[in-house]
Number of protein chains: 2
Amino acid sequence: MRSDKDDLKARARIRNAALELFGAEGVAGVSLRAVATRAGVSHALVLHHFGSKEGLRKECDAYVVSLVRGGPGVEALEDTTGLAAMLEAAGPVRRYLGRAFLDGAPEAAALYDEIVDATERWLEQGVAEGWARPGEDPRARAAIYVTWLLAPLAFGEHLSRVLGLPDPHDLDATLRYSRAGVEILTRGVFADDRVLTAWEAVRKERRAR
Amino acid sequence: MRSDKDDLKARARIRNAALELFGAEGVAGVSLRAVATRAGVSHALVLHHFGSKEGLRKECDAYVVSLVRGGPGVEALEDTTGLAAMLEAAGPVRRYLGRAFLDGAPEAAALYDEIVDATERWLEQGVAEGWARPGEDPRARAAIYVTWLLAPLAFGEHLSRVLGLPDPHDLDATLRYSRAGVEILTRGVFADDRVLTAWEAVRKERRAR
DNA sequence: GCAATTGCTGACCAGCTGTACAGTACACTG
DNA sequence: CAGTGTACTGTACAGCTGGTCAGCAATTGC
């Protein structure tokens, strides 16, 4: 080894560099050489450790997913705090996660399913205990709930720009918009049923056809 | 020209092919040759019409943005129906839009800002007219509202998979989860203020530090 | 000691990339 | 008719891509 500990093992450095670059530019837009340069190693070493670019991508997927899963423990997915912790995850990981969902990485898909399942159970329990309102379609509601909580992963940049906040991955930014989100989830936005009624009308019209 | 109208002018065919492929694989992951092949032309023609790959991308951006803007007219952005129409836009365009937001295309950013502005005014009006509840932070609420409505663009694939629906871009899929969304926006999810209170506690704790 | 393993590199390769360009076919205009 | 412009093609090219490989240096195991 070079120095006493060399900051981080090269393998981890490569993985982190890949995480940042893949998150920022997309997997296809980043060359192995770019990853290697950022990690301060030769591009051959990347192949040596991960076998192929696809191998590197899979490792990144697995790592990010394990971060989310392993962070506060499995049962943490059962409450809001766990999901909130996930949203507070470090910047590059957020970007990467958002992209992984969009690119349809199988690991990400499995994670999404898992979160929806947990959320559905959690909301069901909430209905039983009285702190959550009953919904017409619990499965769809859980899916929407999860999608909405995940949305800042994909749109965080725009969210913070619109709010005039400097750093999209800043905790303050997250706090400000999550407040608005929690407010909606608690009180709703619409004061009466007119939009719901309008939606029913659309459904009815569509069924008639 | 070849036949009477040749289906579509080559230029439009190329743009459509690019839209599909870019949306599916990302701009960096698609070669000009792939676009040309799908459009049934030589790759040199792509350059002839668009000058460069970047030129093609910009044309795609502009086209999609104009679709969204021009569809139901400017004032349509003022109501939910307009946004709903946007979500019903054709499949490839949806994928492309989602990716454009994630990639931070300037055209997409401007569109996002525009929608948030319109939504903020619209909600303000709603509060005045009594059909929308007042919110603590109207700007943040408008931003979150827009982000949530846009979220299915990025997560539509997962949404429909989780709901067991075959086609992510199917109108039926959209209808099912939008119903759940409207329900949340009308009645909320949480029956009491405990999550809101928990959020306040987090803010207080953070301010203390 | 010495052999095996591991981390790591530079040189090399075939293939694909975006782009340039000369040239063809065809429609106009004069 | 020549002349001009436009849609379109095939070929060519420099540069970068992911991946291979032989080999160096340090560590490990015996």
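Values in this document were obtained by computation on a predicted structure and should not be read as measured data. Labels below follow one simple rule: chain letters A, B, ... track the order of the sequence lines, proteins then strands, and each chain is numbered from 1.
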* To do: Name all pairs fulfilling the salt bridge (charged side-chain N to carboxylate O under 4.0 Å, His left out) condition that reach into residues 40-59 of chain B, sequence neighbours left out, sorted by first residue then second.
  => Arg11(B)-Glu59(B), Glu54(B)-Arg57(B), Arg57(B)-Asp61(B)
* Could you state the CZ-P distance from Arg11(A) to dT6(C), rounded to the nearest angstrom? -> 13 Å
* Contact residues, residues 34-52 of chain A to DNA chain C [heavy atom, < 4.0 Å] -> Val41(A), Ser42(A), His43(A), Ala44(A), Leu45(A), His48(A), His49(A)
* Structure fact -> Within residues 26-33 of chain A, the residues having a heavy atom closer than 4.0 Å to DNA chain D are Val30(A), Ser31(A), Leu32(A), Arg33(A)
* **Partner residues of Glu25(A) under the side-chain contact (heavy atoms from CB on, under 4.5 Å) criterion, sequence neighbours left out** => Val30(A)
* Can you check whether Glu136(B)'s main-chain N or O pairs, donor with acceptor, with Glu183(A)'s side chain at less than 3.5 Å? -> yes
* Asked: Any side chain to side chain donor-acceptor pair (under 3.5 Å) pairs touching residues 30-47 of chain B, not counting sequence neighbours?
  -> Glu20(B)-Arg38(B)
* **Residues Lys204(B), Glu200(B): salt bridge by 4.0 Å N-O rule** => no
* Proximity of Trp148(A) and Phe155(B) rings by center, below 6.0 Å -> no
* **Partners meeting side-chain contact (heavy atoms from CB on, under 4.5 Å) with Ala109(B) (sequence neighbours left out)** => His158(A), Arg161(A)
* Asked: What class does the angle between the rings of Trp122(A) and Trp131(A) fall in, given that below 30° is parallel, 30 to 60° is tilted and above 60° is perpendicular?
  -> tilted
* To do: Find the distance Leu56(A):CG to dG18(D):P and express it as a whole number of Å.
  => 10 Å
